[in-house]
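Quick note on labels: first sequence line is chain A, next is B, and so on, each numbered from 1. Values below: every heavy atom of this structure, side chains too, minus hydrogens, waters and symmetry copies.
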2 protein chains.
Amino acid sequence: MDIQKRLLPDLTDVLKKRYTILHHIAATGVVGRRALATHLELTERVLRAEVDFLKEQGLLETESSGMKLSEAGRKLLEDIEPIVKELLGLTDLEETLRARFSLRQVVIVPGDCDQSELTKKELGRAGAAALRKYASKGDVVAVAGGSTLAEVAHHLTPSAQMKGSLFVPARGGLGESVELQANSIASTMAKKTGGEYRLLHVPDHLGEEAYVSLMQDPNILEIVEVIRSARIVVHGIGDAMVMARRRKVDQRTIAELTAEGALAEAFGYYFDRSGKVVHKMPTVGLRLEDIQATETVIAVAGGKSKGEAIAAVMKFGHEDVLVIDEAAAVELLHHL
Amino acid sequence: MDIQKRLLPDLTDVLKKRYTILHHIAATGVVGRRALATHLELTERVLRAEVDFLKEQGLLETESSGMKLSEAGRKLLEDIEPIVKELLGLTDLEETLRARFSLRQVVIVPGDCDQSELTKKELGRAGAAALRKYASKGDVVAVAGGSTLAEVAHHLTPSAQMKGSLFVPARGGLGESVELQANSIASTMAKKTGGEYRLLHVPDHLGEEAYVSLMQDPNILEIVEVIRSARIVVHGIGDAMVMARRRKVDQRTIAELTAEGALAEAFGYYFDRSGKVVHKMPTVGLRLEDIQATETVIAVAGGKSKGEAIAAVMKFGHEDVLVIDEAAAVELLHHL
DNA sequence: CATATGCGGGACATTTTGAGTCCCGGTGAT
DNA sequence: ATCACCGGGACTCAAAATGTCCCGCATATG
């Protein structure tokens with residue numbers, strides 16, 4: 001079934017549509033085309049094409065008083081229910097989450113990144129597909145760091161509409177290993193898609209003084225300007241403590257984070273359980289107000305262990321597209 | 001799986017196409033688009049659309065030297081093989097039989113009419129769909145009798161292109177019960193589709209003298225002319241002995257049929273194992289030369305027990321479209 | 001080293017399909 | 001008798017699929 005979905009991705013949509021139509025007719029008994037179209041929020045013409053098809057298949061019958069299921073249709077509806085349920089589990093979950101957080105789109109890939117490397121790759125592929133979908137020519141794309149983002153970058157392919165894109169890191173260095181840093185990922189993405197890239201080389205742990213002088217450097221200032229004008233932001237989501245440790249922040253900061261209830265991390269900011277920003281890493285780049293102004297913010301993350309963190313960032317509420325795996329989706333639902 | 005096929009009939013085609021492409025690439029290793037298109041008998045553009053899709057799905061990769069499967073593609077190909085085999089079993093069978101008997105189309109519905117009434121209905125539906133497909137406006141459609149044809153008639157629906165059709169019986173009365181006679185079926189089909197019909201009332205067991213005088217009647221002559229000009233013929237296929245008994249032919253004739261090796265019956269003619277006509281029922285209507293001249297001859301039959309009879313009529317070799325069930329198809333294959 | 005071949009990918013005209021919208025005759029309830 | 005709603009036909013326009021050709025590039029071949 002999953003395999004089939006792989007070779008026929010829109011199978012799900014069509015199946016759902018037809019199932020819904022049959023289901024509604026079954027529920028109503030006899031119903032007219034226009035009434036049904038209104039109920040299902042389909043245009044008359046589309047509904048009609050489907051009805052013609054279903055009639056051709058002998059699943060429903062038309063009379064002057066309206067349409068009703070045939071015997072075969074009734075039987076099919078029974079038989080197909082479990083199939084649809086399975087097939088649409090994720091689809092429904094996607095829609096639930098999308099509505100819950102007022103997102104533009106939610107993509108759920110089957111599996112658990114924590115369990116399977118393959119799911120992580122799949123997540124990367126889905127993330128890349130999402131980016132491809134929302135990118136248009138000449139966009140500035142700001143990307144964060146992390147292993148998930150690296151996976152996304154790895155699955156990007158050259159495409160016409162991203163040829164002119166400019167990839168920039170969302171923030172300066174954040175203490176990650178080189179290949180997982182935003183800079184590396186931005187450059188990988190650019191190479192993979194055939195786009196341009198600009199880097200932001202800012203050391204970690206800047207003092208106030210150094211920071212001020214750095215921000216007066218015209219080169220730095222210019223690239224920061226570009227970053228802040230990004231039309232698309234792609235970032236991962238991490239567990240606050242895991243991230244803090246990975247970035248080797250000092251004990252005092254960790255204690256602070258704990259005290260503040262930091263749970264999740266994304267693009268250098270730390271969020272508590274309610275989605276409030278409780279801490280930020282001291283480096284330059286995208287600010288919160290930039291995130292809010294960005295047209296499309298894409299979050300990619302996966303793994304059951306990340307569920308809570310994802311929930312926190314979602315409550316922050318400035319994401320547009322969420323790409324997660326099944327395990328995270330289920331977990332996320334538990335944290336509502 | 002069968003259920004799914006019911007709601008998404010062209011799923012099979014697409015799946016087969018994509019599977020074939022992946023399969024070929026796997027077999028070749030690295031192959032160019034044009035070379036592949038030639039091999040698969042696809043136009044370059046279509047192949048390309050598919051390749052783009054498969055690439056999007058991460059199933060294959062392109063290099064300057066050509067395309068090859070990705071790791072995921074290789075795995076998918078393995079996983080999907082049983083699915084495709086099951087799903088395409090009938091499709092392949094259709095194609096095998098189509099090629100073997102040089103037919104225009106073979107339709108196989110799953111199941112066995114002998115076992116299940118539902119399969120018989122399904123066969124009727126498929127027969128009706130085939131007739132609908134090949135009928136065009138104003139056609140003369142000659143239909144034979146039998147329970148299968150009655151089922152076909154039952155599943156016809158009003159349609160624009162058959163509104164002007166003229167349904168006629170292929171032959172005069174052949175001793176069947178009224179509702180299974182060609183006359184009844186022609187009239188049912190006309191009523192179901194919204195077409196016209198003309199009947200041919202000729203009693204059974206005509207003497208030579210009566211036959212001659214009947215054929216001088218201008219009314220009879222005219223309708224016979226119409227029948228012989230039919231552009232489409234739809235008929236069932238029966239076991240010779242079963243039909244003979246059902247038509248209550250006398251012992252002497254049955255003995256003759258046995259002696260001649262009659263195996264199958266269709267539109268009033270009896271065929272032996274090799275497809276040679278060994279006997280004809282004495283009534284008026286379509287002659288063999290008319291069948292040969294007919295643009296589209298559609299045979300509808302099903303049931304494991306009919307396999308041999310169908311094989312015999314197929315060897316006769318003037319059919320264009322064959323609609324059978326799975327059991328008959330498998331049996332038919334055994335009799336090659 | 002030069003040339004030819006076959007590659008993927010871009011581009012474009014044309015055909016085919018899909019979709020939105022209206023209208024019509026029929027039918028059943030009021 | 002009237003009216004609302006039914007299915008189905010028809011038309012237009014937009015979008016997608018398709019056939020076709022070309023280009024720059026890598027590689028193999030002479």
- Query: Which residue pairs satisfy the ring-ring contact (aromatic ring centres under 6.0 Å, His included) criterion with at least one member in residues 42-94 of chain B, sequence neighbours excluded?
  - Reply: none
- DNA chain D contacts among residues 58-70 of chain A, heavy-atom distance under 4.0 Å: A:Thr62, A:Glu63, A:Ser64, A:Ser65, A:Gly66, A:Met67
- Task: Please identify each residue that fulfils side-chain hydrogen bond (donor to acceptor under 3.5 Å, both in side chains) with A:Tyr134, with sequence neighbours left out.
- Result: A:Gln105
- Query: Looking across every strand, which nucleic acid part, if any, lies under 4.0 Å from B:Val30 by heavy atom: base, sugar-phosphate, or nothing?
  - Reply: nothing
- Scan residues 40-53 of chain B against DNA chain D and write down, sorted by residue number, each residue with any heavy atom closer than 4.0 Å; if none is found, say none. B:Thr43, B:Glu44, B:Arg45, B:Val46
- Query: Between A:Ile25 (CD1) and D:dC6 (P), how many Å, whole number?
  - Reply: 12 Å
- Query: Which value, rounded to the nearest 0.5 Å, describes the distance between A:Thr193 atom OG1 and A:Leu131 atom CG?
  - Reply: 8.0 Å
- By side-chain contact (heavy atoms from CB on, under 4.5 Å), A:Glu196 pairs with (sequence neighbours left out) A:Leu166
- Message: Counting C-beta onward and ignoring hydrogens, is there a side-chain heavy-atom pair between B:Val140 and B:Val168 closer than 4.5 Å?
- Response: yes
- Task: Evaluate whether atom NZ of A:Lys5 has more than 12 neighbouring non-hydrogen atoms of other residues, nucleotides or ligands under 6.0 angstrom away.
- Result: yes
- Message: Under the rule for side-chain contact (heavy atoms from CB on, under 4.5 Å), what residues qualify as partners of B:Ala37, not counting sequence neighbours?
- Response: B:Leu47
- Counting heavy atoms not belonging to B:Lys16, are there more than 12 under 6.0 Å from its NZ? yes
- Roughly how many Å is it from CZ in A:Arg34 to C1' in D:dA4, rounded to a whole number? 11 Å
